[in-house]
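Here's the structure, in structure tokens; my notes come after.
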Amino acid sequence: DSGVTQTPKHLITATGQRVTLRCSPRSGDLSVYWYQQSLDQGLQFLIQYYNGEERAKGNILERFSAQQFPDLHSELNLSSLELGDSALYFCASSVQGGAEQYFGPGTRLTVT
Amino acid sequence: GQQLNQSPQSMFIQEGEDVSMNCTSSSIFNTWLWYKQEPGEGPVLLIALYKAGELTSNGRLTAQFGITRKDSFLNISASIPSDVGIYFCAGQLVGSGGSNYKLTFGKGTLLTVNP
């Protein structure tokens with residue numbers, strides 16, 4: 001158990017809908033990262049937050065957004081969903097901005 | 001952008017054999033990490049390497065940070081059935097001002113161990 005929690009574990013929704021994925025980092029970790037894992041693209045970095053502020057952006061679509069709250073949990077919002085958004089979404093956390101990132105169990109999103 | 005080439009893509013070995021996999025990059029990294037992912041789980045950190053030439057062990061696992069900072073390898077000795085999974089390398093290059101800590105991942109090596 002990495003100490004990072006993610007909810008929900010599975011999510012099935014229809015195209016055009018909006019969903020919110022939630023992540024709680026390990027106790028004491030200030031940085032949260034979101035990654036998308038698909039069969040064709042592998043693990044891709046989406047966005048990083050540090051102590052409530054956005055720090056870095058990867059290949060995140062404009063339809064996707066995230067935030068980190070004062071209690072350090074983070075939410076990833078995916079809107080206008082398309083079939084191609086079906087993937088595993090992982091949250092990871094680290095102390096400050098360290099390299100050693102610890103991953104949660106992921107949310108499997110299926111868009112039908 | 002940065003790309004990591006991880007090889008081999010898959011390996012099928014007998015229990016007790018040693019395993020070696022590697023990762024190469026078109027650009028340098030400050031840090032190399034190795035993760036293992038099992039079905040339905042998130043990646044689990046195995047080893048982190050911080051200095052060029054560094055050799056680090058974690059039980060039966062040994063990893064090295066290449067001298068050129070563009071490659072890394074992972075060895076698993078005396079494999080056992082629970083070593084089955086996908087092994088990912090990841091590199092981190094800290095951006096200007098230390099603000100970008102994203103990891104760039106390889107495509108993974110699928111390891112199957114035959115008892």
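Residue numbering restarts at 1 for every chain, and letters A, B, ... go by the order of the sequence lines.
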Practice task
Count the heavy atoms of every other residue, nucleotide or ligand shown that sit under 6.0 Å from CZ of A:R108, and state whether that count exceeds 12.
Solution key: no
Exercise for the section: Answer yes or no: are there more than 12 heavy-atom neighbours, outside A:L83 itself, under 6.0 Å from its atom CG? Expected result: yes
Problem - Over 12 non-hydrogen atoms of neighbours within 6.0 angstrom of CD in B:Q14 - result: yes
Problem - Shared hydrophobic cluster for B:I76 and B:V44 (ILVMFWY, side-chain gaps under 4.5 Å) - result: no
Problem - Joint hydrophobic cluster, A:L72 plus A:Y50, side-chain heavy atoms closer than 4.5 Å - result: yes
Handout entry: Distance (rounded to the nearest 0.5 Å) between A:L43 CG and B:I86 CD1
Key = 9.5 Å
Practice task
Check whether any side-chain heavy atom of A:F45 sits under 4.5 Å from a side-chain heavy atom of B:T104, and report yes or no.
Solution key: no
Exercise for the section: Give the member of A:G42, A:P105, A:S2 that has the highest number of heavy-atom pairs under 4.5 Å with chain B. Expected result: A:P105
Practice task
Rounded to the nearest 0.5 Å, what's the gap from CG on A:L88 to CD on B:E41? Could you check?
Solution key: 11.0 Å
Handout entry: Connected via hydrophobic side-chain network under 4.5 Å: A:V4 and A:L11
Key = no
Handout entry: Gap between atom CZ of A:F103 and atom OH of B:Y35 - 0.5 Å precision
Key = 5.0 Å
Exercise for the section: First locate atom OG of A:S94, then atom CD of B:Q92, and finally report the distance between them rounded to the nearest 0.5 Å. Expected result: 8.0 Å
Practice task
Using non-hydrogen atoms and a 4.5 Å limit, figure out which bit of A:Q37 sits close to chain B: side chain, backbone, both or neither.
Solution key: side chain
Exercise for the section: State whether a side-chain donor-acceptor pair under 3.5 Å links A:E100 with B:Y50. Expected result: yes
Problem - Transitive ILVMFWY side-chain link A:W34 to A:L61, under 4.5 Å - result: yes
Fill in the blank from the handout: d(B:K107 NZ, A:D40 CG) to nearest 0.5 Å is 7.0 Å
Fill in the blank from the handout: Output for pair (A:Y33 OH, B:L103 CG), nearest 0.5 Å, gives 7.5 Å
Fill in the blank from the handout: All heavy atoms of B:G42 vs all of A:F90, minimum pair found to be CA-CE2, 3.3 Å
Practice task
Decide whether A:Y35 and A:L109 are clustered together by the hydrophobic rule: side chain heavy atoms of Ile, Leu, Val, Met, Phe, Trp, Tyr closer than 4.5 Å, transitively.
Solution key: no
